[in-house]
Amino acid sequence: MCGIGSTGRETSFITLLEPVEQEHMLAWVKASGEDEMHAGLRDGRQVSISVQGLKDTQHPSVCITEEKDGAVLRSEDTRTGCKDGM
């Protein structure tokens with residue numbers, strides 16, 4: 001479980017589910033804010049997930065980027081519909 005604290009009258013939760021068929025791939029998970037998390041996989045890849053516009057129910061968006069050794073392997077953004085390497 002990973003969490004980040006803040007003060008105020010509102011709260012948000014981000015949950016990362018790992019579907020496991022044979023072996024766990026997640027090595028670590030950390031939240032860098034209420035709308036962004038990063039996960040490290042056992043093979044050295046890092047995945048960043050950013051969620052924007054949750055309060056704007058008309059235009060929420062998600063951006064997912066997968067990197068290894070500093071190079072972007074694939075990226076997808078629901079705002080633009082772009083899929084790089086996917």
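W28 approaches H38 most closely through the heavy-atom pair CZ3-O, 3.5 Å. L26 approaches R42 most closely through the heavy-atom pair O-NE, 3.8 Å.
The closest donor-acceptor contact from the side chain of E18 to the backbone of M25 lies under 3.5 Å. Side-chain atoms of K68 come within 3.5 Å of backbone N or O of D43 as a donor-acceptor pair. In this structure, the side chain of T78 engages the main chain of V62 through a donor-acceptor pair within 3.5 Å.
With rounding to the nearest 0.5 angstrom, the CD atom of Q46 is 8.5 Å from the CG atom of L41. Separation of atoms CG (D35) and SG (C63) is listed at 11.5 Å; rounding is to 0.5 Å. Atom CD1 of residue I64 and atom OG of residue S75 lie 9.0 Å apart, to the nearest 0.5 angstrom.
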With side chain to side chain contact (heavy atoms under 4.5 Å, CB included) as the test, would you mind laying out the steps for E36 and V51 before giving the verdict?
CA-CA 6 Å; E36 188 171 3; V51 180; over 6 Å; no

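Using a 4.5 Å heavy-atom threshold, the side chains of R45 and L73 count as touching. You'll find the side chain of E67 reaches within 4.5 Å of the side chain of T65, heavy atoms only.
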